[in-house]
Amino acid sequence: MKRIRTRFAPSPTGYMHIGNLRTALYAYLFAKSQGGDFILRIEDTDRARYVPDAVEFIERTLAAAKIIPDEGPHHGGNFAPYVQSERMDIYKKYAEQLVESGHAYHEDGAIRQKMPRVGETTFYDVLHGNITIANSELEDQVLLKSDGMPTYNFANVIDDHLMEVSHIIRGTEFITSTPKHVLLYEFFGWELPTFIHLAPVMGKAEDGTVSKLSKRHGATSFNDLIEAGYLPEAITNYVALLGWSPKNSCQEIFSMDELIANFSLDGLSKSPAVFDYAKLDWMSGEYFKAMTDENFAAVADKYLAGYDKIFLASLLKTRVAKLSDIPAMIAFLKELPPFDIELFTNKRNKVTPQKSAEILAPAIKILEQVDLWTLDTLNEKISAFVAESGLKVGAVMWPLRIALSMQKVTPGGVTEILYLLGKETSLDRLNAALEKLQ
RNA sequence: GGCGCCUUCGUCAAGUGGUUAAGACACCGCCCUCUCACGGCGGGUUCAAGGGUUCGAAUCCCUUAGGCGUCACCA
């Protein structure tokens, strides 16, 4: 059987769109699941759009996502060069060959492909089956531009053949130009690769409309997501499920190795998928929860400066969707938000501002007596106070939490916050709140 | 506009002629809890519409509608 070889062929734009990342992922997963090769090829034939250092950017991004090319500009391989601008003589040779055989012609310093005017061209796509397009829909394509560079439609065919790519995995936007490629393969007498055209990744705008995922939908590049504080593994995992699902399994959390082991082409979806940040948040949270306090403290390090990192990590890792959520969650430790009497009202625990004052006063007395400011002692004292007062635990905790943090949601319980704040600050805040409540 | 692709809960999706149409996220409710989170339990007119074929259709065929893509010396 022919060796499975796939490729990811981005143009160097300095931006790794999530849809591109997914294409790369699927090409990688398919190759690896079949024991084949995954190639990185740079399609930099548009000089106007070239961005310096974009190749390194792409390589770094793939590395971060753990998508490792077997061949590429800096990965070695027997089919170098893997950068199209370095292969100009190759394209020229094949273009001239087409001119000689009568399948192309010169015009305005460029070489154009001569399309048949009648008949139709059919090709097989793994996801869509046979697709037929009338040749009359095809126009005489430019193969070699007047600046000597090939067009995508030409270079892509030449390289895929020369690099022995067996499966072309790319976006649906290429479906309608595939007949042109097929014709080229036929002109040269080359064997056709297998086509797999992936549905696009969509984004949902605030007004509810759905369109191809783009910057208007917020953070949509791998790097945007990393900067927001999602783990690369979580992003890759989520993106993998956006258009693919495992057979005979409901598993959703996958390591890269598990993805490779479970991947198969028939699990691919042919309809567009909407990128859902809520689900990404959930999945990301699953990854954080599975981490040890130490590991979480390490990835969240820069957000934890100035605190007992490991302790804070233990409180935060079950509540965080993305690392950039952290500052807002712990800002109250440094500075108490403005007093808001509304917060002292809580129906569930039957707490009101007035009731809060009644609870706070004796609680402060108790805490003032505490010399050993540790979690255990604090917990013990508060529990005793609760038992003595005959109130529900929640009724006591609520006003304390609000007075200490001025927010309904905090990382950790009241005991942890008291501990984190220290005795002096805790009592200052408690007294200040009591004063305002009275 | 021509051509092409797509259409199962709000979202990701399983499903390939006979199922109570899985599961997950989100949402809502309840429970637990030191609030939130975590955890547990439960809930929801989901097969775009209309025609066929068939004893039987989300699954096969046709039509319609909508969405997306493509018609570059961009990829």
Side-chain angles (χ1 to χ4, degrees), chain A residues 9-13 20 43-49 84 107-112 125 127-128 131-134 136-139 141-156 170-179 197 199-200 202 204 208-212 238 241-253 266-267 269-283 285-286 289 315-320 329 343 346 348-349 351 379 382-383 386 392-402 405 407-417:
Chain A
S11 52
T13 60
N20 286 138
E43 311 221 325
D44 60 343
T45 57
D46 184 1
R47 292 189 327 198
R49 291 215 303 189
Q84 291 187 329
E107 183 188 89
D108 296 334
I111 292 180
R112 281 181 185 274
D125 180 287
L127 256 40
H128 303 102
I131 294 176
T132 300
I133 292 177
S136 56
E137 294 294 322
L138 277 23
E139 298 199 7
Q141 285 293 303
V142 167
L143 262 22
L144 215 57
K145 300 184 258 188
S146 53
D147 66 359
M149 284 287 189
T151 56
Y152 167 83
N153 290 124
F154 188 55
N156 140 275
R170 67 201 344 177
T172 43
E173 66 268 29
F174 293 111
I175 284 186
T176 43
S177 51
T178 300
H197 289 96
M202 313 294 279
K204 186 178 258 182
T209 55
V210 168
S211 56
K212 195 168 174 177
Y238 175 69
L241 259 28
L242 213 50
W244 172 81
S245 67
K247 288 291 165 194
N248 311 314
S249 155
C250 287
Q251 186 178 344
E252 292 201 289
I253 303 297
D266 61 354
S269 169
K270 56 184 175 179
S271 52
V274 177
F275 190 96
D276 182 4
Y277 289 93
K279 182 131 190 183
L280 203 215
D281 280 355
W282 166 78
M283 186 168 283
E286 292 298 302
K289 273 180 272 184
L315 301 178
L316 288 168
K317 71 173 189 181
T318 59
R319 300 157 210 262
V320 164
M329 293 175 82
L343 291 174
N346 179 263
R348 187 186 158 130
N349 291 306
V351 176
N379 202 14
I382 293 176
S383 298
V386 169
K392 281 186 67 176
V393 182
V396 173
M397 295 300 180
W398 187 265
L400 284 171
R401 168 188 309 282
I402 299 300
S405 69
Q407 52 191 50
K408 293 185 194 173
V409 183
T410 52
V414 168
T415 312
E416 284 80 8
I417 297 168

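In this text, all values refer to a predicted model and were calculated from it rather than measured experimentally. Reminder, nothing fancy here: chain letters follow the sequence lines and each chain counts from 1.
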ask   = Considering every strand shown, what is the Watson-Crick or G-U wobble mate of B/A37 when both distances are under 3.5 Å?
value = none
ask   = Rounding to the closest angstrom, what is the interatomic distance between B/U20 and B/C38 at atom P?
value = 34 Å
message = Suppose you measure atom P in B/A26 against the same atom in B/G39; what distance do you get, rounded to whole Å?
response = 10 Å
query = B/G4 P sits how many Å from A/Ile175 CD1, rounded?
reply = 12 Å
message = Applying a 4.0 Å non-hydrogen cut-off, can you work out what A/Ser136 is touching in the nucleic acid: base, sugar-phosphate, or nothing?
response = nothing
request  = Sequence neighbours left out, what passes salt bridge (Lys or Arg N to Asp or Glu O under 4.0 Å) with A/Glu43? Give chain and number order.
outcome  = A/Arg41
query = When the C1' atoms of B/C47 and B/C6 are considered, how many whole Å apart are they?
reply = 15 Å
ask   = Taking the same atom, C1', in B/G18 and in B/A75, what whole-Å distance lies between them?
value = 48 Å
inquiry  = Taking pairing as Watson-Crick or G-U wobble with both contacts under 3.5 Å, can you name the mate of B/G43, or confirm there isn't one?
reply    = B/C27
remark   = Taking B/U11, B/A37, B/U8 as options, the one with an atom nearest any side-chain atom of A/Ser271 is B/U8
message = Which residues pass the salt bridge (Lys or Arg N to Asp or Glu O under 4.0 Å) test with A/Asp281, not counting sequence neighbours?
response = none
Please enumerate all protein N or O atoms sitting under 3.5 Å from an N or O of nucleotides 20-28 of chain B, with distances to 0.1 Å.
{"residue": "B/A24", "atom": "O4'", "partner": "A/Glu252", "partner atom": "OE1", "Å": "3.3"}
{"residue": "B/A24", "atom": "O2'", "partner": "A/Glu252", "partner atom": "OE1", "Å": "2.3"}
{"residue": "B/A24", "atom": "O2'", "partner": "A/Lys279", "partner atom": "NZ", "Å": "2.9"}
{"residue": "B/A24", "atom": "N3", "partner": "A/Lys279", "partner atom": "NZ", "Å": "3.1"}
{"residue": "B/C25", "atom": "O2'", "partner": "A/Lys279", "partner atom": "N", "Å": "3.4"}

Nucleotide-resolved protein contact map, nucleotides 68-75 of chain B, B/S/- at heavy-atom distance under 4.0 Å = SBSS-BBB
remark   = pair_partner(B/A13), Watson-Crick or wobble, both distances < 3.5 Å, evaluates to none
request  = Tell me the partner of B/C74, counting only Watson-Crick (N1-N3 plus N6-O4 or O6-N4) or G-U wobble (N1-O2 and O6-N3) with both under 3.5 Å; none if nothing fits.
outcome  = none
inquiry  = Taking side-chain contact (heavy atoms from CB on, under 4.5 Å) as the definition, give me every residue that meets it alongside A/Val351, ordered by chain and number, with sequence neighbours left out.
reply    = A/Asn346, A/Asn349, A/Ser356, A/Ala395, A/Trp398, A/Pro399
ask   = Which pairs with one or both residues in residues 241-252 of chain A pass salt bridge (charged side-chain N to carboxylate O under 4.0 Å, His left out), sequence neighbours excluded?
value = A/Glu252-A/Lys279
remark   = Separation of B/A37 atom C1' from A/Asp281 atom CG, nearest Å, is 14 Å
message = What's the gap between B/A21 and B/G15 when it is taken at their C1' atoms, as a whole Å value?
response = 8 Å
ask   = Can you find a heavy atom in the side chain of A/Pro10 that is under 4.5 Å from one in the side chain of A/Asn20?
value = no
query = For the pair made of CD1 in A/Ile253 and P in B/C12, what is the distance, rounded to whole Å?
reply = 18 Å
query = Expressed in whole Å, how much space separates the P atoms belonging to B/A22 and B/U46?
reply = 11 Å
task = Identify, with sequence neighbours excluded, every residue that meets side-chain contact (heavy atoms from CB on, under 4.5 Å) alongside A/Glu137.
result = A/Ile133, A/Ala134
inquiry  = Checking base pairs now: Watson-Crick or wobble, both atom distances under 3.5 Å. What partners B/G66?
reply    = B/C6
query = Between A/Thr178 and A/His197, does any side-chain donor sit less than 3.5 Å from a side-chain acceptor?
reply = yes
Just the table, please: protein N/O against nucleotides 34-36 of chain B N/O, every pair under 3.5 Å.
{"residue": "B/C34", "atom": "O2", "partner": "A/Val414", "partner atom": "N", "Å": "3.1"}
{"residue": "B/C34", "atom": "N3", "partner": "A/Thr415", "partner atom": "OG1", "Å": "3.3"}
{"residue": "B/C34", "atom": "N4", "partner": "A/Asn379", "partner atom": "OD1", "Å": "3.0"}
{"residue": "B/C34", "atom": "N4", "partner": "A/Thr415", "partner atom": "OG1", "Å": "2.8"}
{"residue": "B/U35", "atom": "N1", "partner": "A/Arg401", "partner atom": "NE", "Å": "3.0"}
{"residue": "B/U35", "atom": "N1", "partner": "A/Arg401", "partner atom": "NH2", "Å": "2.7"}
{"residue": "B/U35", "atom": "O2", "partner": "A/Arg401", "partner atom": "NE", "Å": "3.1"}
{"residue": "B/U35", "atom": "O2", "partner": "A/Arg401", "partner atom": "NH1", "Å": "3.3"}
{"residue": "B/U35", "atom": "O2", "partner": "A/Lys408", "partner atom": "O", "Å": "2.6"}
{"residue": "B/U35", "atom": "N3", "partner": "A/Arg401", "partner atom": "NE", "Å": "3.4"}
{"residue": "B/U35", "atom": "N3", "partner": "A/Arg401", "partner atom": "NH1", "Å": "2.5"}
{"residue": "B/U35", "atom": "N3", "partner": "A/Arg401", "partner atom": "NH2", "Å": "2.6"}
{"residue": "B/U35", "atom": "O4", "partner": "A/Arg401", "partner atom": "NH1", "Å": "3.4"}
{"residue": "B/U35", "atom": "O4", "partner": "A/Arg401", "partner atom": "NH2", "Å": "3.1"}
{"residue": "B/U35", "atom": "O4", "partner": "A/Gly412", "partner atom": "O", "Å": "2.5"}
{"residue": "B/U35", "atom": "O4", "partner": "A/Gly413", "partner atom": "N", "Å": "3.3"}
{"residue": "B/C36", "atom": "O2", "partner": "A/Arg319", "partner atom": "NH1", "Å": "2.7"}
{"residue": "B/C36", "atom": "O2", "partner": "A/Thr410", "partner atom": "O", "Å": "3.3"}
{"residue": "B/C36", "atom": "N3", "partner": "A/Arg319", "partner atom": "NH1", "Å": "2.5"}

ask   = So what's B/A21 paired with, Watson-Crick or G-U wobble, going by both distances under 3.5 Å?
value = none
key: Under the side-chain contact (heavy atoms from CB on, under 4.5 Å) test, residues paired with A/Ser245 that sit two or more places apart   = none
task = Examine B/G15: is either OP1 or OP2 under 4.0 Å from a nitrogen or oxygen in the side chain of A/Lys247? Give yes or no.
result = yes
message = Taking the P atom in each of B/C61 and B/G29, what is the distance between them to the nearest angstrom?
response = 44 Å
query = Does some side-chain heavy atom of A/Tyr152 sit less than 4.5 Å from a side-chain heavy atom of A/Asp46?
reply = no
inquiry  = Pick the closest RNA chain B nucleotide for A/Lys289 and for A/Lys270 by heavy atoms, then say which residue is nearer the 5' end.
reply    = A/Lys270
message = With rounding to the closest Å, how many angstrom separate the C1' atoms on B/C68 and B/C30?
response = 42 Å
message = Suppose we screen for salt bridge (Lys or Arg N to Asp or Glu O under 4.0 Å). Which residues come up paired with A/Lys270, at least two apart in sequence or across chains?
response = none
task = With the side chain counted from C-beta on, respond yes when A/Ile253 and A/Met283 share a heavy-atom pair under 4.5 Å apart, and no when they do not.
result = yes
Just list the side-chain donor-acceptor pairs under 3.5 Å for residues 141-150 of chain A, sequence neighbours left out, or say none.
{"residue": "A/Lys145", "atom": "NZ", "partner": "A/Thr45", "partner atom": "O", "Å": "3.0"}
{"residue": "A/Asp147", "atom": "OD1", "partner": "A/Met149", "partner atom": "N", "Å": "2.8"}

key: Test salt bridge (Lys or Arg N to Asp or Glu O under 4.0 Å) applied to A/Arg319 - qualifying residues, sequence neighbours left out   = none
